[in-house]
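To keep things clear, I will list the structure first and then write my remarks on it.
Computed from a predicted model, the values in this text were never measured in an experiment.
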Amino acid sequence: MSILSSLLYTLVVGAIFVYVFIFLYDVFYGEKQEKQEKKIRKYYKNESIQKIDLVEHQPRKYTIYQLKTDKETKRVKLKPGYKVVKLVPKKKGE
């Protein structure tokens with residue numbers, strides 16, 4: 001019985017450690033492109049996205065995507081840690 005409980009405890013603690021390690025890796029080194037696109041689609045679930053293009057990628061800092069929807073084209077910045085920031089186009093003449 002002792003061996004069974006030790007094995008179960010090791011599996012639970014190991015699974016938690018692996019999950020935390022994967023989450024921290026995503027936070028510090030940036031998510032994979034598939035995860036980022038999934039996050040964008042979830043964030044803009046009310047709009048129909050036709051195309052997602054990668055514009056710029058700076059590891060550990062940010063990734064910029066261009067979204068083409070039915071109505072307009074938007075740029076979105078994703079920061080590590082699953083944070084979505086909307087980019088506003090600059091006004092000309094200022």
(message) With clusters defined by side-chain heavy atoms of hydrophobic residues (ILVMFWY) lying less than 4.5 Å apart, directly or transitively, does Ile49 cluster with Val85?
(response) no
(request) Hey, could you give me the OG/CG distance between Ser2 and Leu7, rounded to the nearest 0.5 Å? (result) 11.0 Å
(message) When you group the ILVMFWY residues by side-chain heavy-atom contacts below 4.5 Å and let the links chain together, are Leu4 and Val12 in the same group?
(response) no
(request) I would like to know whether Thr73 and Leu67 meet side chain to side chain contact (heavy atoms under 4.5 Å, CB included); could you show each step before the answer? (result) CA-CA 6 Å; Thr73 302; Leu67 310 175; over 6 Å; no
(request) Hey, could you give me the OH/NZ distance between Tyr65 and Lys39, rounded to the nearest 0.5 Å? (result) 13.5 Å
(request) Using the side chain to side chain contact (heavy atoms under 4.5 Å, CB included) rule, take Val84 and Val76 through it: C-alpha gap first, then chi angles, then the decisive distance, then the call. (result) CA-CA 7 Å; Val84 178; Val76 176; 3.5 Å; yes
(request) Just do the side chain to side chain contact (heavy atoms under 4.5 Å, CB included) check on Ile52 and Gln66 with the steps written out, would you? (result) CA-CA 6 Å; Ile52 299 176; Gln66 183 168 329; over 6 Å; no
(request) Output all residues satisfying side chain to side chain donor-acceptor pair (under 3.5 Å) with Tyr62, sequence neighbours left out; order by chain, then residue number. (result) Glu56
(request) Give, for atom NZ of Lys32 and atom OG1 of Thr63, the distance between the pair rounded to the nearest 0.5 Å. (result) 14.0 Å
(message) Test question: given the 4.5 Å side-chain rule for I, L, V, M, F, W and Y, name all other residues clustered with Val13, or answer none.
(response) Tyr9
(request) Tell me, yes or no, whether the heavy-atom count around Ile3 atom CD1, taken from other residues, nucleotides or ligands under 6.0 Å, exceeds 12. (result) no
(message) According to side chain to side chain donor-acceptor pair (under 3.5 Å), does anything in residues 44-53 pair up with another residue at least two apart or in another chain? List the pairs.
(response) Glu47-Lys74, Ser48-Asp70, Gln50-Asp70
(request) Output the distance between atom CG (Leu54) and atom CG (Leu78), rounded to the nearest 0.5 Å. (result) 10.5 Å
